[in-house]
Amino acid sequence: MAEPAAVDRGSSRSLTQSVVEQIRSSIVDGGIGPGDKLPAESALMAHFAVSRTVIREAISRLQAAGLVETYRGKGTYVLTRPSEESFTAGPEQIRTPEDRLQLLDFRLGLEVEASALAALRRTPTQLAKIGAALTDFRSARNKPSEAVEADFRFHRAVAVATNNRFYVDLLASLGPAMIAMPQTRLLANNDDGEETHFSRVAFEHETVFDAIGRQDAQSAAAAMRTHLANSRARLARRPG
């Protein structure tokens, strides 16, 4: 392991983050490879000149990131080398109709389970936030830009109601670009077909909201699956 860099002695949190970053850098640089065992706690304490508490918190953070695993009686081992780039699926990554369809496939795997967890874990305040986003979406029938923003807030509010920060972080990283808005709905003077489309999407959102409100996890998952599968089918039918 490389020589430790100078660390900010101002707080335990900054010490812990410094240790995390240095161990992570050693893994990225190849100084410690997948399958390698980290030094014992006492050795890490001496190496970084920090307390046992700091080392244990740093290891906990590395475990949460999926970089290491601790086995009782055996020690802590490196699992994988972290990616140099953060996950992102912003507008610059979603360029083609096929990209949008693949993103919906991904969301099916993510948001169906999130809806079930939200039904089980949501608080009254979190449910109210989902309902507020739904109300904003209904009010944006003839305002495509506002509809996209409200649609995203609805899905993000469901993620928040899981009370699991990883769902929230991932949805936030996708941003409003994840909303599969057919091009025709971005035009003024929507025709009757687009009015029907909007009503169907609003109804699908209502079904998700109602199931989460009843704390019915199975129905919430089914409602979200139906909504996203329908969104994919609608998008696939659009020329280009």
Side-chain angles (χ1 to χ4, degrees), residues 13 17 20 24 57 59-69 79-80 82-94 99-137 140 147-181 201-232 234-235:
R13 179 175 297 179
Q17 188 58 36
V20 168
R24 186 183 186 280
E57 175 61 24
I59 296 300
S60 179
R61 292 189 192 182
L62 290 166
Q63 285 178 320
L67 299 180
V68 303
E69 186 62 73
L79 295 179
T80 185
S83 171
E84 298 280 6
E85 299 180 0
S86 299
F87 173 83
T88 180
E92 65 278 6
Q93 278 81 38
I94 308 171
D99 290 339
R100 296 186 181 92
L101 291 173
Q102 289 186 11
L103 180 57
L104 277 164
D105 289 340
F106 175 73
R107 289 177 59 198
L108 271 162
L110 174 72
E111 293 188 70
V112 170
E113 183 62 22
S115 297
L117 289 175
L120 295 173
R121 300 175 179 176
R122 59 83 176 164
T123 66
T125 299
Q126 290 167 343
L127 182 65
K129 290 285 188 181
I130 300 172
L134 176 56
T135 297
D136 289 346
F137 180 75
V148 170
E149 291 291 338
D151 198 339
F152 174 69
R153 287 200 306 275
F154 176 86
H155 287 272
R156 187 180 184 280
V158 172
V160 169
T162 67
N163 290 288
N164 181 317
R165 67 181 178 86
F166 293 104
Y167 282 103
V168 181
D169 290 349
L170 189 48
L171 262 290
S173 76
L174 294 174
M178 78 178 198
I179 301 302
M181 179 72 81
V201 173
F203 175 74
E204 290 164 10
H205 282 186
E206 290 165 9
T207 304
V208 173
F209 172 70
D210 289 344
I212 292 174
R214 297 193 310 273
Q215 297 190 293
D216 184 340
Q218 186 172 356
S219 294
M224 183 62 81
R225 180 177 294 280
T226 297
H227 169 51
L228 293 177
N230 285 348
S231 294
R232 192 187 193 288
R234 287 186 288 260
L235 191 63

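The model shown is predicted, which means the values in this text are computed figures rather than measured ones. The first residue in the sequence is number 1, and the count goes up from there.
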Which pair of non-hydrogen atoms, one from [X] and one from [Y], has the smallest distance, and what is that distance?
{"X": "Ala116", "Y": "Ala217", "result": "O-CB, 3.5 Å"}
{"X": "Ala119", "Y": "Ala220", "result": "CB-CB, 4.0 Å"}
{"X": "Phe137", "Y": "Ala147", "result": "CD1-O, 3.5 Å"}
{"X": "Val68", "Y": "Ile59", "result": "CG2-O, 4.0 Å"}
{"X": "Gln126", "Y": "Arg121", "result": "OE1-O, 4.0 Å"}

Do Glu111 and Leu171 have side chains that approach each other closer than 4.5 Å (heavy atoms only, starting at C-beta)? yes
Side chain Asn163, main chain Ala161, donor-acceptor under 3.5 Å: yes
Point-to-point distance, once rounded to the nearest 0.5 Å, from [atom1] of [X] to [atom2] of [Y]:
{"X": "Glu206", "Y": "Leu134", "atom1": "CD", "atom2": "CG", "answer": "5.5 Å"}
{"X": "Gln102", "Y": "Asp105", "atom1": "CD", "atom2": "CG", "answer": "7.0 Å"}
{"X": "Arg156", "Y": "Ile130", "atom1": "CZ", "atom2": "CD1", "answer": "12.0 Å"}
{"X": "Asn230", "Y": "Leu104", "atom1": "CG", "atom2": "CG", "answer": "11.0 Å"}
{"X": "Arg122", "Y": "Ser115", "atom1": "CZ", "atom2": "OG", "answer": "13.5 Å"}
{"X": "Leu170", "Y": "Arg165", "atom1": "CG", "atom2": "CZ", "answer": "12.0 Å"}

Aromatic rings His205 and Phe154: how do their planes relate, parallel, tilted or perpendicular, breaks at 30° and 60°? parallel
side-chain contact (heavy atoms from CB on, under 4.5 Å) with Met224: which of Glu204, His155, Arg107, Glu113? His155
Trace of the side chain to side chain contact (heavy atoms under 4.5 Å, CB included) decision for Thr207 with His227: CA-CA 9 Å; Thr207 304; His227 169 51; over 6 Å; no
Would you check, one step at a time, whether the test side chain to side chain contact (heavy atoms under 4.5 Å, CB included) holds for Phe209 with Val158? CA-CA 9 Å; Phe209 172 70; Val158 172; over 6 Å; no
